Amino acid sequence: MARVPLIAGNWKMNMTVAEGVTLVKELMPRVDGLGKVEVAVCPPATALHAVGRALADSQIALGAQDVFWAASGAFTGMLSPPMLIDVGCTYAIVGHSERRGRFGKPDESLSPEAAQVFGDTDASVNLKAKAALGYGLSPIVCVGETLPEREDGRTDEVVAGQVRSCLAGLSAEQVAGLALAYEPVWAIGTGRACEAPEANRVCGIIRSVVRDAYGAAAADSVRVQYGGSVSEKNAHDLISQPEIDGGLVGGASLDATKFSQIAQVASVIAKDMRYA
Ligand code: PGA
């Protein structure tokens with residue numbers, strides 16, 4: 001088995017152009033040269049071009065936080081796969097819970113009408129994943145249950161359903177090449193990561209759904225990341241789990257020391273037997 005872990009930093013709505021360029025300049029010397037790990041940063045759209053240029057000679061990849069499914073046209077505010085490729089992206093996060101309107105802690109002042117702006121569904125995530133792959137962008141497809149779903153004992157069913165719907169219609173080869181991020185909504189930005197054995201269990205379920213639908217080769221190749229309060233402190237516990245192939249990191253990705261430590265941990269783990 002030769003899965004290389006992927007450590008992706010989701011900067012969310014943070015970082016000006018200058019701040020983003022400074023951050024990757026701090027990251028590059030700490031991360032470039034690490035073996036057996038892929039590292040990506042996903043800045044806000046305004047910083048993609050400049051950060052991409054700053055990363056020109058680096059092994060750190062560039063990713064977008066979202067992507068639309070059409071190539072061009074009358075879609076005000078959207079960014080297409082060719083546009084993202086044009087500025088140097090190789091990855092695009094799709095279906096993050098903060099775009100699905102599945103906030104763990106909704107802003108009380110947000111009216112239902114205003115909340116609709118975060119309108120992703122499994123169907124739109126599926127369109128986005130298909131479009132990204134069609135243009136050669138690698139999607140990071142996010143899935144995960146909310147706290148009420150977990151408390152109702154519905155975690156496995158919810159996550160399996162999301163995986164099936166979000167990947168519907170893709171070929172086994174396409175699925176083999178993408179990443180799935182298991183991000184329990186209640187663990188995002190809360191400082192309360194999922195316990196490593198439980199995260200491993202759900203990532204294993206995700207892989208078994210892929211195996212049932214796309215076969216053993218796709219299941220062995222697809223990378224299943226964990227996301228939700230990943231830090232330099234819990235990274236070893238989480239990433240050393242056999243079903244967890246890296247992390248989608250939010251808050252800790254805004255700090256060069258913390259994010260590079262997470263990448264270093266993944267690199268060391270990946271050099272063990274599991275990835276040999
Ligand atoms: P967090 O965010 O690491 O700040 O919890 C993770 C994510 O939302 O991808």
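As the structure is a computational prediction, the values presented were derived from the model and not from experiment. Just follow the structure's listing: the first ligand is 1, and inside any ligand the first atom is 1.
- Here is the list of ligand 1 atoms found below 4.0 Å of a heavy atom in N10: 9 (O).
- Residue P44 comes nearest to W11 through the heavy atom pair CD-CE3, 4.0 Å, listed as atom of the first residue, atom of the second, then distance.
- Below 3.5 Å of separation, one finds no N or O of V249 facing any N or O of ligand 1.
- The closest donor-acceptor contact from the side chain of N234 to the backbone of S231 lies under 3.5 Å.
- In this structure, the protein non-hydrogen atom closest to atom 4 (O) of ligand 1 is G251 N, 2.8 Å.
- In this structure, A252 does not count as a contact residue of ligand 1, since none of its heavy atoms falls inside 4.0 Å of the ligand.
- More than 12 heavy atoms of other residues, nucleotides or ligands sit less than 6.0 Å from atom CD of Q59.
- For G189, a nitrogen or oxygen atom sits less than 3.5 Å from a nitrogen or oxygen atom of ligand 1, counting backbone and side chain alike.
- Ion pairing of K128 with D120 is present here, as a side-chain N (NZ or NE/NH1/NH2) and a carboxylate O approach within less than 4.0 Å.
- Partner D245 forms a salt bridge (charged side-chain N to carboxylate O under 4.0 Å, His left out) with one of R223, R207, K36 and no other, that one being R207.
- With hydrogens left out, the protein atom closest to atom 2 (O) of ligand 1 is K12 NZ, 3.2 Å, a heavy atom.
- Proximity to L248 (heavy-atom distance under 4.0 Å) selects the following atoms of ligand 1: 6 (C), 9 (O).
- Checked by distance only, ligand 1 and T190 stay at 3.5 Å or farther apart across all their nitrogen or oxygen atoms.
- Around NZ of K130, the count of heavy atoms belonging to other residues, nucleotides or ligands within 6.0 Å exceeds 12.
- Checked against a 3.5 angstrom limit, the closest N/O atoms of G250 and ligand 1 fall inside it.
- Checked for salt-bridge contact, R201 and D156 meet the test: a charged N lies under 4.0 Å from a carboxylate O.
- Within the listing of ligand 1, atoms 5 (O) sit less than 4.0 angstrom from a heavy atom of G228.
- An N or O contact shorter than 3.5 Å is missing between E98 and ligand 1 by distance.
- The one candidate from N14, N10, V249 that meets the side chain to side chain contact (heavy atoms under 4.5 Å, CB included) condition with L254 is N14.
- Against a heavy-atom cut-off of under 4.0 Å, H96 is close to the following atoms of ligand 1: 7 (C), 8 (O), 9 (O).
- Applying the 4.0 Å criterion to heavy atoms of E183 picks out, from ligand 1, the atoms 6 (C), 7 (C), 8 (O), 9 (O).
- Of all heavy-atom pairs between A71 and Y135, the closest is CB-OH, 3.0 Å.
- Short contacts between ligand 1 and S229, defined as distances under 4.0 Å to a heavy atom of the residue, involve ligand atoms 1 (P), 3 (O), 5 (O).
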